[in-house]
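Reading through the structure tokens given below for one structure.
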2 protein chains.
Amino acid sequence: MVGVVQSVDRALSILELISNYNEGLGITDISESLGLHKSTVHRLLGTLIYKGYVVQDQVSLKYKLTTKLFELGNKIIEGKDILEASKAHTEALMRRLNEVVHLVIRDGTDIVYIDKVEASDSFSMMRMASNIGRRSPLYSTSVGKAMLAFMDEEEVAEIWNASKIVKLTEKTITDFDEFMKELEKIRQLGYAEDDEENELGVRCIGAPIFNRWGEVEGAISISGPTIRITKEKIDEIAEEVKKCAYSISKELGYRG
Amino acid sequence: MVGVVQSVDRALSILELISNYNEGLGITDISESLGLHKSTVHRLLGTLIYKGYVVQDQVSLKYKLTTKLFELGNKIIEGKDILEASKAHTEALMRRLNEVVHLVIRDGTDIVYIDKVEASDSFSMMRMASNIGRRSPLYSTSVGKAMLAFMDEEEVAEIWNASKIVKLTEKTITDFDEFMKELEKIRQLGYAEDDEENELGVRCIGAPIFNRWGEVEGAISISGPTIRITKEKIDEIAEEVKKCAYSISKELGYRG
DNA sequence: AAACAAATTTCGTATTATGAAACTAATTAT
DNA sequence: ATAATTAGTTTCATAATACGAAATTTGTTT
């Protein structure tokens with residue numbers, strides 16, 4: 001590998017190897033696993049200890065990681081907001097499915113659109129300012145339901161009670177018990193569907209985004225006309241949406 | 001620094017530096033901050049990119065960290081249990097204060113002792129098997145109250161209702177409202193006191209331990225006779241107990 | 001369009017990391 | 001109890017490796 005600094009490459013390999021062993025690893029183990037000389041491993045470990053990434057257990061003499069890597073890693077996550085973290089992932093999702101992707105967060109009983117990615121005619125991607133900032137109720141959208149499904153039951157009830165439940169189409173769910181059953185189904189599947197509940201002829205598939213505390217932070221959705229987003233395609237599309245939402249969650253520090 | 005591998009030292013310094021800048025850093029910035037030559041920085045960054053720790057933003061050309069460090073760091077945390085994570089810290093606390101240190105977790109309405117560190121006559125440390133596994137109610141112990149103070153109010157109420165509230169000493173709190181006020185005080189102070197509420201002549205100071213999800217996972221306490229643990233000393237001791245509990249929380253991946 | 005700033009690449013050199021071997025300590029077998 | 005084995009540590013001569021000066025490319029600002 002030309003251009004790659006050997007000792008750095010090796011040192012990082014050692015870190016990666018040790019990270020798999022909570023009990024720690026001995027020099028010989030490491031040396032054999034990585035095909036490095038014992039003294040080389042010893043020297044590199046010395047450097048990692050000097051930098052505070054590794055400690056040697058004084059009883060077993062095994063080398064184990066400290067929490068320094070964890071702390072460093074956290075700093076990256078802390079400063080990230082959902083929009084920034086989503087960017088690359090929503091764009092990729094749009095390109096894959098060639099349908100509009102929305103990113104939303106919650107504000108009270110509503111969802112607020114904070115990003116929208118759609119295909120332009122020329123097959124290049126574009127990010128539309130239109131609709132950003134628009135609000136919709138939680139209870140009648142795929143993104144909203146995806147979020148509610150992973151929130152506390154009490155909070156869901158509060159939001160339901162505070163919402164003005166309106167039958168936007170004949171498919172809108174307006175009964176609380178029925179709605180709770182719907183949420184249970186969403187929990188099972190891991191995604192939510194808006195099957196013309198908000199607007200006739202439009203179908204959406206949404207999945208929740210979790211933050212580093214395991215709390216729902218937002219959601220993404222794919223939406224399009226029922227002619228393109230057919231019942232048959234839903235499973236396939238939902239998988240992509242879920243995968244994308246999970247990737248974003250991971251960027252935010254979710255450990256699921 | 002003899003024995004320290006220069007390039008590894010430098011590469012890790014670069015990682016540490018970049019971790020402070022979510023927007024990323026340019027080669028010149030890094031080179032100036034660390035007093036390294038530009039080409040050296042470039043080469044080391046190349047290696048870090050090759051290993052997946054860093055990416056270069058194609059627009060700004062700035063170098064930023066990926067989530068790889070975060071993922072590596074998490075692996076260390078995931079396998080840790082509270083007993084293992086506490087070991088070194090509780091021992092250090094005992095040595096510092098020369099009083100018994102307890103580690104507990106919750107089981108229903110009780111706390112269960114899972115570790116105890118006390119000084120032996122000969123001033124060397126020993127870990128007593130005695131009392132490990134013993135149970136006490138949450139509501140009347142410093143550790144229990146420390147845990148309750150950082151749990152949901154509803155859960156606290158449930159536990160209170162499920163507990164058989166007994167006046168163990170004249171100081172035991174048996175009124176719910178008074179108890180909730182006590183918890184509020186504990187939240188303010190960050191530690192809980194058992195001022196002869198469980199046993200006359202014994203005073204304890206407890207602090208909660210949080211896990212990576214920010215949930216209460218257990219608690220530690222210092223306990224001793226009221227002659228040694230005097231009212232005047234409480235502040236000072238509490239600081240030590242809090243610090244210790246916080247260190248353990250950090251080992252478990254708590255990001256507070 | 002020129003000047004500037006920043007990133008990247010090249011390359012000769014010597015510093016630096018390397019690994020063989022010797023050494024020490026601890027554990028296991030005889 | 002002693003030898004043998006296994007694992008960790010230290011030393012040191014060698015050459016491979018990382019280094020940094022300088023040149024080049026790329027992009028931005030005046």
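All chains are named by letter (A, B, ...) in the order of the sequence lines, taking the proteins before the strands, and each is independently numbered beginning at 1.
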| query | Please give, in whole Å, the distance from D/dT10 C1' to A/L45 CG? | reply | 15 Å

| message | So if I define the base as every atom that isn't primed, P, OP1 or OP2, how would nucleotides 14-22 of chain C read as a B/S/- string at a heavy-atom cutoff under 4.0 Å? | response | --SSBBB--

If you look only at distance, which donor and acceptor atoms sit under 3.5 Å apart when one is on a side chain in residues 29-36 of chain A and the other is two or more places apart or in another chain?
from, atom 1, to, atom 2, distance (Å)
A/D29, OD2, A/G26, N, 3.0
A/S31, OG, A/L36, O, 2.9
A/S33, OG, A/D29, O, 3.0

| remark: note: A/K64, atom NZ; D/dG8, atom P; distance rounded to Å ~ 14 Å

| message | Please report the distance, rounded to the nearest Å, between CD1 in B/I30 and P in C/dA6. | response | 13 Å

| said: With rounding to the nearest 0.5 angstrom, report the CE to CZ distance, B/M147 to B/R106. | reply: 6.5 Å

| Residue pairs passing the salt bridge (Lys or Arg N to Asp or Glu O under 4.0 Å) test where at least one lies in residues 47-57 of chain A, sequence neighbours excluded | A/K51-B/D9, A/D57-A/K64

| task | Go through the structure and list residues passing side chain to side chain donor-acceptor pair (under 3.5 Å) with A/E251, not counting sequence neighbours. | result | A/K80, A/H89

| What is the distance, rounded to the nearest whole Å, between atom NE2 of B/H42 and atom C1' of D/dA18? | 15 Å

| query | What is the distance from NZ of B/K62 to P of D/dG27, rounded to the nearest Å? | reply | 15 Å

| query | For the residue pair A/A192 and A/A146, what are the closest heavy atoms and their distance? | reply | CB-N, 3.6 Å

| task | For A/E217 and A/I105, work out which heavy atoms get closest and say how close. | result | O-CG2, 3.6 Å

| task | Answer with base, sugar-phosphate or nothing: what part of the nucleic acid does B/Q56 contact at a heavy-atom distance below 4.0 Å? | result | sugar-phosphate

| said: Enumerate the salt bridge (Lys or Arg N to Asp or Glu O under 4.0 Å) contacts for residues 12-25 of chain B, please, sequence neighbours excluded, ordered by first and then second residue. | reply: A/K68-B/E16

Please list each protein N or O that sits under 3.5 Å from an N or O in nucleotides 23-28 of chain C, with the distance.
none

| task | Check whether any side-chain nitrogen or oxygen of A/Y63 sits under 4.0 Å from OP1 or OP2 of D/dT9, and answer yes or no. | result | yes

| said: Rounded to whole Å, please give me the gap between CD1 in A/I27 and C1' in D/dA7. | reply: 9 Å

| task | Dump the intermediate steps for side-chain hydrogen bond (donor to acceptor under 3.5 Å, both in side chains) on B/S136 and B/T141, then the final yes or no. | result | CA-CA 7 Å; B/S136 289; B/T141 51; over 6 Å; no

| said: Between B/K242 and B/E240 (salt bridge meaning N to carboxylate O under 4.0 Å), is one present in this structure? | reply: no

